[in-house]
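Here the structure comes first, spelled out in structure tokens, and everything after it is commentary.
Below, chain A is the first sequence line, B the second, and so on; all start at residue 1.
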Protein chains: 2
Amino acid sequence: MLDYCMFSMKEITGLELSPKKVEYLKLLFRKGGVVRTTDISSSLKVDPSTTTKTISDLASIGLVDYTPYRGAELTEAGRKYAEFLVNRHNILTLMLSHYGLSSEETCEEVSRFESFVSRSAIDKICCSMGHPSVGGCGRIDHAFCDVS
Amino acid sequence: MLDYCMFSMKEITGLELSPKKVEYLKLLFRKGGVVRTTDISSSLKVDPSTTTKTISDLASIGLVDYTPYRGAELTEAGRKYAEFLVNRHNILTLMLSHYGLSSEETCEEVSRFESFVSRSAIDKICCSMGHPSVGGCGRIDHAFCDVS
DNA sequence: TGTTAAATTTGGGGTATATGCAAATTATTT
DNA sequence: AAATAATTTGCATATACCCCAAATTTAACA
């Protein structure tokens, strides 16, 4: 259990986490509070043992507080990181929705590639769209936009 | 050496190849004709042995004609697939360039995530932009747009 | 409270992607 | 033909996923 985190929001590139870890973080953010292994594994449709391993990884880098047999919860750093991830998803979804894709399509596409879009790109896209408060899949916060 | 290909352009989703294999195919397309292992490995900054392995993989699925110690060349199917890959890159680059990113940034971002954007999304984006003939990184062909 | 049932973790194993090094091989050049 | 350059093969590593079976822990309940 770490009380520090290898990521300080100021130096986030947005490219630190693998696609699956991004999914886990967004899920923990959506659920809020302590989330049980089974809950996660059934949401993500993976074996519980896979969840245990991934959550342990996230805990080892300080994004998650994990108590074995109890559950997992975002740390403060994890929550901030997850906020960025959700914003990124929503901004990209909003952007793509301007090109004739349906809502489901848009979300599906973005879910596939979002992990590879940098924070600085997101900042610029967000700025260029006038800092919209509602994205394709939910509200957008602007606490993490560099370019305001 | 296969004269058939597991991909028929009509059923292409755009998600068949890993990011690195996409790079190889786009490179072979740009270079044209028979390309030597060293040429590829120096362009992509990987060890020649890595290139040999990847090219062999591409040959095994019928996208590349490969003669050991001689070089690699796209098959007809490979050329068509690579055309799609280049178009996808150019369309996505053009799209992103509308959001305040510089040319280099745009190309860099797209290169990171393009492998995860489906052909059907590209078709729609392309259609929505009015089938532009020039993208962010080069010309765009429309032979592969479903929605014309 | 002890026993069972459910949830969870551990350990092992597997696939896919991607990489490099060293040694062996093939091609080219002289 | 011998030397050199290019290339391949075999081996090894690393990351990111994944699942299964066995062991463990927690929770329930009788």
Side-chain angles (χ1 to χ4, degrees), chain A residues 1 6-7 13-28 31 33-73 81 85 111-117, chain B residues 1 6-7 13-28 31 33-73 81 85 111-117:
Chain A
M1 214 169 322
M6 52 184 305
F7 304 134
T13 65
L15 306 175
E16 291 85 1
L17 297 184
S18 68
K20 266 296 170 184
K21 294 204 172 79
V22 167
E23 274 196 66
Y24 277 79
L25 240 61
K26 289 195 299 173
L27 181 68
L28 289 175
K31 300 251 179 190
V34 176
V35 188
R36 308 216 58 156
T37 296
T38 305
D39 198 351
I40 300 172
S41 68
S42 66
S43 296
L44 300 184
K45 284 162 190 148
V46 295
D47 192 273
S49 64
T50 302
T51 294
T52 300
K53 281 216 180 65
T54 308
I55 289 293
S56 300
D57 288 349
L58 290 170
S60 77
I61 56 176
L63 293 173
V64 159
D65 267 339
Y66 170 51
T67 312
Y69 298 101
R70 285 293 169 192
E73 183 170 21
Y81 199 97
L85 298 181
S111 297
R112 231 184 288 111
F113 72 74
E114 60 188 348
S115 308
F116 307 99
V117 182
Chain B
M1 213 170 321
M6 53 185 303
F7 303 133
T13 66
L15 307 174
E16 291 85 1
L17 297 185
S18 69
K20 266 296 171 184
K21 292 203 174 79
V22 167
E23 274 196 66
Y24 278 80
L25 239 61
K26 289 195 299 173
L27 181 68
L28 289 176
K31 300 249 180 195
V34 175
V35 188
R36 309 217 57 161
T37 296
T38 305
D39 198 351
I40 300 172
S41 69
S42 67
S43 295
L44 299 184
K45 284 162 190 149
V46 295
D47 192 273
S49 65
T50 301
T51 294
T52 300
K53 279 214 184 64
T54 308
I55 289 293
S56 301
D57 289 350
L58 290 171
S60 77
I61 55 177
L63 293 173
V64 159
D65 266 339
Y66 170 50
T67 311
Y69 297 102
R70 284 293 168 195
E73 183 170 19
Y81 199 98
L85 298 180
S111 297
R112 231 184 288 110
F113 71 75
E114 59 187 348
S115 308
F116 307 99
V117 182

Provide, to the nearest angstrom, the distance between the [atom1] atom belonging to [X] and the [atom2] atom belonging to [N].
{"X": "A:E16", "N": "D:dT15", "atom1": "CD", "atom2": "P", "answer": "17 Å"}
{"X": "A:R70", "N": "C:dA6", "atom1": "CZ", "atom2": "P", "answer": "18 Å"}
{"X": "A:I61", "N": "D:dA16", "atom1": "CD1", "atom2": "C1'", "answer": "13 Å"}
{"X": "A:K45", "N": "D:dC17", "atom1": "NZ", "atom2": "P", "answer": "18 Å"}
{"X": "A:D47", "N": "D:dA22", "atom1": "CG", "atom2": "C1'", "answer": "13 Å"}
{"X": "A:L44", "N": "D:dC17", "atom1": "CG", "atom2": "C1'", "answer": "13 Å"}
{"X": "A:D57", "N": "D:dA16", "atom1": "CG", "atom2": "P", "answer": "8 Å"}
{"X": "A:Y24", "N": "D:dA16", "atom1": "OH", "atom2": "P", "answer": "13 Å"}

Open item on the list: Please report whether the ring centroid of A:F116 lies less than 6.0 Å from that of B:F113.
Closed with: no
Open item on the list: I want to confirm an ordering. Mapping A:Y69 and B:T37 to their closest nucleotides on DNA chain D, which one lands closer to the 5' end?
Closed with: B:T37
Open item on the list: Return whichever of B:G71 or A:P19 has its heavy-atom-nearest nucleotide of DNA chain D closer to the 5' end.
Closed with: B:G71
- [ ] Give a yes/no answer on whether the side chain of B:R36 brings an N or O atom under 4.0 Å of OP1 or OP2 in C:dT28.
- [x] no
Open item on the list: If the cut-off is 4.0 Å, is B:K20 near the phosphate of C:dT19, judged by side-chain N/O to OP1 or OP2?
Closed with: yes
Quick check for you: among [options], whose closest atom lies nearest to any side-chain atom of [X]?
{"X": "B:K53", "options": "C:dA27, C:dG20, D:dT26", "result": "C:dG20"}
{"X": "A:S18", "options": "D:dA16, C:dA27, C:dA18", "result": "D:dA16"}
{"X": "B:T52", "options": "C:dC21, D:dC17, D:dT9", "result": "D:dT9"}
{"X": "A:K21", "options": "D:dA16, C:dA18, D:dC19", "result": "D:dA16"}

Task: 4.5 Å side-chain heavy-atom contact, A:V22 and A:K26 - done: yes
Task: Worked check of side chain to side chain contact (heavy atoms under 4.5 Å, CB included) between B:K31 and B:D39 - done: CA-CA 10 Å; B:K31 300 249 180 195; B:D39 198 351; 2.8 Å; yes
Task: Electrostatic pair A:K20-A:E23, nearest N-O below 4.0 angstrom - done: yes
Open item on the list: By the 4.0 Å heavy-atom rule, please label B:T50 as base, sugar-phosphate, or nothing.
Closed with: base
- [ ] Give one of base, sugar-phosphate or nothing for A:P48, where a contact means two heavy atoms less than 4.0 Å apart.
- [x] base
Task: From CG (B:L28) to CD1 (B:I55), nearest 0.5 Å - done: 5.0 Å
Open item on the list: Check this for me: does the side-chain of B:S49 come within 3.5 Å of the base of C:dC21 through a donor and an acceptor?
Closed with: yes
